[in-house]
Amino acid sequence: MADYDYDLYVIGGGSGGVRAARMAAGLGARVALAESGRLGGTCVNVGCVPKKLMVYASHYSEALADAADFGWIVGESRFDWASLQAHKDAEIERLNGIYAGLLEDTGVTLHRGHARLVGPHEVEVEGTRHRAAHILLATGGRSKRAPIEGNTLANISDDVFAWKQLPKKLVVAGGGYIATELACVLHGLGAEVHLVHRRAELLRGFDADVRTHLTQEVRKRGLHLHMERTIERITQRGEGRRIELSCGTTLDVDVVLSAMGREPNTEGLGLEDVGVELDERGAVRVDASYRTNLPSVLAVGDLIGRVQLTPMALAEGMYVAHELFGEGGALIDYDLIPTAVFSQPEVGTVGLPEHEARERYPELVVYRSSFRPMKYTLGARDERALVKLLVDGATDRVVGCHIIGPDAGEITQGVAIAMTAGATKRDFDRTLGIHPTLAEELVSMRTPVANT
Ligand code: NDP
């Protein structure tokens, strides 16, 4: 590889790109990475990290409201949006620095600027060309603009993290991960939230019980859900926005937040010039080893749009580094992906939803329990948790786990380890519970739901 400047050139300093660059450098490769924005990508700057910090902030309203049930006399409380934003910005700046330090420590050369492909082995950054044996595209994704009249008047999720003030009243459009999470967060922080979604329930693709349960609980918490409705038009009204819904209702709000899916960041990368193929969704087409149709050009993360989750981009980035410069790695299992939706209440899920499990496992056995978590038993809060296990009757293996309730995401990570190791229902049953916890329900369910 002596006639190349680098063994690997990574375009994009988000989760997938940075992980691949660090791993490759650790395996002895000469690596450079180009990033035009802040290091850390969507996750660190306008995604998982600032969102989760806001989720924590939002939970205080519930804690303060319930405190009296546990004997606390709490004085008047007031939420200060500017203060949360300032603390969040400082933390993100710290993380940007950590990412830069990680690259430097592993010997990755960082090029600041916009990079584009100019050949199968060549990248141009701010007028300078670099030749590399392999090029990894990891430029992530961005929010899609929905085909709604006046959609440029809507904000997207990136904007929330830069808002100078919390809107008093807003419309959140969509019913997926981002809409559900941000609607709950902003409601918890004190905004009047109207969520408009074209379906009857949130989170299409999730287990049907999860969707029904979560939609009910979110409604109980006081969010205004306008289900089976679409937005016909958004217009300016003074400083605010007017929304016309398909049912004829009009809503006047401060802000419209559109969360209608994300698309791969393929623009300006030189893909057409060099002949990198895209798939029908506009994502970069790759094979099982993340190679594009040009063998020296690979792609990972949201740019290939398989599963738009940070841990997937990390896993794909690591796979590429080991495949190119190590001893190769095991193919990633796209069936057992743990995920959490940081809604209120929280959702944790790993494995298959029931509708998919039934197709794959004809002898499916379902265990389901819905109950009031102990955390809410002293007060008036009428919130129920859901724990659901799906078991393949033929092998006794647990093939799906779905939890709604406090810390569902944290609990699910542990279950994901057991399921990755191939745990059976018998293994769950012989595991001692931790009492009293919500999670002990996972090892106490003995009676299956009758087959319908
Ligand atoms: P999703 O695909 O999850 O949701 C998009 C929503 O927009 C859906 O409810 C969809 O409706 C609706 N929608 C799309 N087009 C239209 C339209 N033309 N008219 C009306 N409604 C429409 O995307 P998100 O933007 O919420 O999130 C993108 C990805 O980011 C997620 O898939 C997830 O992988 C990742 N993410 C993960 C998080 C986590 O791990 N906690 C948090 C946030 C994001 P319908 O359901 O009918 O298709």
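For this chain, numbers begin at 1 and follow the sequence in order. When a ligand or atom number is given, it counts from 1 through the structure's own listing order.
- A parallel orientation is assigned to the rings of H224 and H194, their planes being inclined by less than 30° (bins at 30° and 60°).
- In summary, the atoms of ligand 1 found under 4.0 Å from a heavy atom of K51, numbered by their order in the structure, are 41 (N), 42 (C).
- Among the atoms of Q308, some N or O lies under 3.5 angstrom from an N or O of ligand 1.
- For the residue pair D158 / N45, no side-chain donor-acceptor distance below 3.5 Å is found, with atom types taken as modelled.
- Close approach of ligand 1 to G176 is summarised as follows: ligand atoms under 4.0 Å from at least one heavy atom of the residue are 3 (O), 4 (O), 6 (C), 8 (C), 9 (O), 26 (O).
- Looking at D209 and T212, their side chains never bring a donor and an acceptor atom within 3.5 Å of each other.
- Ligand 1 does not have T230 within reach: every non-hydrogen atom of the residue lies 4.0 Å or more from it.
- The ligand atoms of ligand 1 that sit less than 4.0 angstrom from a heavy atom of R262 are 28 (C).
- Near A259, with a cut-off below 4.0 Å to any heavy atom, the atoms of ligand 1 are 5 (C), 6 (C), 7 (O).
- Relative ring orientation between H111 and Y9 is described as tilted, the plane-to-plane angle lying within the 30° to 60° band.
- With hydrogens and angles left out, the side-chain atoms of S77 and Y60 include no donor and acceptor closer than 3.5 Å.
- In terms of polar-atom proximity, P147 is not counted as a contact of ligand 1, lacking any N or O under 3.5 Å from an N or O of the ligand.
- Contact record, R112 with L39: NH2-CD1, 3.8 Å, taken as the closest heavy-atom pair.
- In this structure the side chain of R306 reaches within 4.5 angstrom of the side chain of V286, judged on heavy atoms.
- Taking any N or O of G261, backbone or side chain, at least one lies under 3.5 Å from an N or O belonging to ligand 1.
- The N/O atoms of F342, backbone and side chain alike, include none that comes under 3.5 Å of an N/O atom in ligand 1.
- Counting heavy atoms from C-beta on, the side chains of V274 and L269 never come closer than 4.5 Å.
- The shortest distance between side-chain heavy atoms of I156 and R145 falls below 4.5 Å.
- Checking only distances, A146 never comes within under 3.5 Å of ligand 1, N or O to N or O.
- The backbone and the side chain of M260 each have at least one atom closer than 4.0 Å to an atom of ligand 1 (non-hydrogen atoms only).
- Every atom of ligand 1 is numbered from 1 in the order shown, and the set under 4.0 Å from a heavy atom of L309 is 34 (O), 37 (C), 40 (O).
- Note: no N/O pair closer than 3.5 Å links V341 and ligand 1 by distance alone.
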